[in-house]
Amino acid sequence: MLEIKDLETFIYAVENSSLTVTSEKLGVDQSTVTKRINNIEKKLKGKLFNRKSRPLQLTHFGEKVYFKGRYILEQMEQLEYFYQQETLTYQEKIKIGVPITLVDDLSEYISERYKHDHYLTEVEMQSGWGRSLIQQVAEGELALAIVMIPSNLNFSSHLYFEQIGTLPLVIVSLKNGIKQHTSLERCSKKGWVIHPEGCCFRECLNIELKQRKLFLYANKEIFGIEPQLHSILNGDGLGIFPKPFIDQHAAFNSNLEIMAVDDFNVSLNVGIIYADQQHLNEVNYFAGILRERYF
């Protein structure tokens, strides 16, 4: 049988590319490191390292042993949490709400982060319009919801809102010929590529247009940020998005541009709504993710 200490030493040596560094990190002398690696080679009947190379390089056989050994050590580490895992299989997942307008941008990002930070539990995301997510939190169907809301929206007294920041909304167009659209009135005549009724972006835009006695001309009503951007690139109309979205997309597509509209200055409050203060740890966790992503 292989000794666990021998395997751990080998893994350390591979990941640090040095027997000297390995001996320092493990607090043993270098001869002990060499002996442990030799032990594995004798038992497996193969060379793990090319001894002539500097820094250390694995042989083809050594690569196979490394990946298999790393997997074995990870499985052993998880045994320490075996009791917790068995208990958690009977526990409810953390259920959160993500607005439709953010789900394309956030779902994968949240899943990967949460899986890394809380690998013993799972997060289940429910998408919807802001008002429906707020209602689901109020009725206890969701632990919390990420929301983007107009500043004048009031909540029920038993709901809490943790504001993270504000996102400025910008008007986006295909680059060609946008300089003529310097006012909201001119933009309105071009028409919009926008979410259907219920979207907070659309709601804010509609309020601004009504104040100027203008109408919202929806050239296309499309769910999802990515499909909307593709439609804008096809020349189907203008879009309205939080500025950080466009800053991210501009790095990959230089054909989109934010329009300098003099009389459009609108922001949304971004935060997390929850009903039970027992979820404060989760609220703080997801608040941190939002700050990382957008602020």
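These figures come from a predicted structure and were not determined experimentally. All values below come from the heavy atoms of this structure, side chains included, with hydrogens, waters and symmetry mates left out.
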Point-to-point distance, once rounded to the nearest 0.5 Å, from CG of Leu142 to CD1 of Ile134: 11.5 Å

I'd like to check the ring-ring contact (aromatic ring centres under 6.0 Å, His included) partners of Tyr285; sequence neighbours left out, ordered by chain and number. Tyr114, His118

For residues Glu292 and Tyr109, is any side-chain donor paired with an opposing acceptor at under 3.5 Å? yes

Would you please indicate if the ring centroids of Phe10 and Phe49 are separated by under 6.0 Å? yes

List the atom of Met148, the atom of Leu102, and the distance in Å for their closest heavy-atom pair. CE-CG, 3.6 Å

As an exercise, state the distance from CD1 of Ile149 to CD of Glu203, rounded to the nearest 0.5 Å. 10.5 Å

Would you mind reporting whether Glu221 and Arg202 have side-chain heavy atoms less than 4.5 Å apart? yes

Which atom pair, heavy atoms only, marks the closest approach of Leu159 to Ala275? CD2-CB, 3.7 Å

Just by modelled atom types, is the Phe215 backbone N or O under 3.5 Å from a matching donor or acceptor in the Ser188 side chain? yes

In this structure, CG of Leu174 is separated from CG of Asn255 (nearest 0.5 Å) by 6.5 Å

Nearest heavy-atom neighbours spanning Ile194 and Ala218: CG2-CB, 4.2 Å

Between CG on residue Leu256 and NE2 on residue His230, distance to nearest 0.5 Å: 9.5 Å

Take atom NE2 of His60 as the centre, draw a 6.0 Å sphere, and report whether it contains more than 12 heavy atoms from other residues, nucleotides or ligands. no

Please lay out, stage by stage, how Thr32 and Asp29 fare under the test side chain to side chain donor-acceptor pair (under 3.5 Å). CA-CA 6 Å; Thr32 301; Asp29 55 51; 2.8 Å; yes

Between the CG atom in Asp262 and the CZ atom in Arg186, the distance rounded to the nearest 0.5 Å is 11.0 Å

Show the atom names and distances, to 0.1 Å, of all donor-acceptor pairs under 3.5 Å that link a side chain in residues 160-167 to residues at least two apart or in another chain.
| residue | atom | partner | partner atom | Å |
| --- | --- | --- | --- | --- |
| Tyr160 | OH | Gln277 | NE2 | 3.3 |
| Gln163 | NE2 | Asn269 | OD1 | 3.3 |

When you measure from the side chain of Asp236 to the backbone N and O of Gln228, does any donor-acceptor pair fall under 3.5 Å? no

Do Phe286 and Ile110 make a side-chain contact, defined as non-hydrogen atoms from C-beta onward lying under 4.5 Å apart? yes

Grouping I, L, V, M, F, W and Y whenever their side-chain heavy atoms are under 4.5 Å apart, do Val21 and Ile37 come out in a common cluster? no

Are Met259 and Tyr217 co-members of a hydrophobic cluster defined by side-chain heavy atoms under 4.5 Å apart? no

Write down the atom of Val261, the atom of Cys187, and the distance for their closest heavy-atom approach. CG2-SG, 3.8 Å

Over all atoms of both residues, closest heavy-atom pair of Glu185 and Leu214: CA-CD1, 3.7 Å

Rounded at 0.5 Å granularity, tell me how far CD in Gln135 sits from CD in Glu139. 4.5 Å

4.5 Å side-chain heavy-atom contact, Thr20 and Val33: no

Correct closest heavy-atom pair for Phe264 and Leu205 would be CE1-CD1, 4.2 Å

Is there a side-chain contact (heavy atoms from CB on, under 4.5 Å) between Trp192 and Ile171? Walk through the geometry before answering. CA-CA 10 Å; Trp192 304 92; Ile171 296 173; 3.8 Å; yes

Would you say the side-chain atoms of Glu41 pair up with the backbone N or O of Leu48, donor to acceptor, closer than 3.5 Å? yes

Between the side chains of Thr9 and Asp6, does any donor sit under 3.5 Å from an acceptor? no

Just wondering, do Pro168 and Val266 contact through their side chains at under 4.5 Å, heavy atoms? no

Hey, is NZ on Lys43 packed in by over 12 heavy atoms from elsewhere, all under 6.0 Å? yes

Exercise answer: donor-acceptor pairs, residues 206-213 side-chain atoms, under 3.5 Å, sequence neighbours excluded:
| residue | atom | partner | partner atom | Å |
| --- | --- | --- | --- | --- |
| Glu208 | OE1 | Arg212 | NH1 | 3.1 |
| Arg212 | NE | Asp263 | OD2 | 3.4 |
| Arg212 | NH1 | Glu208 | O | 2.9 |
| Arg212 | NH2 | Asp263 | O | 2.6 |

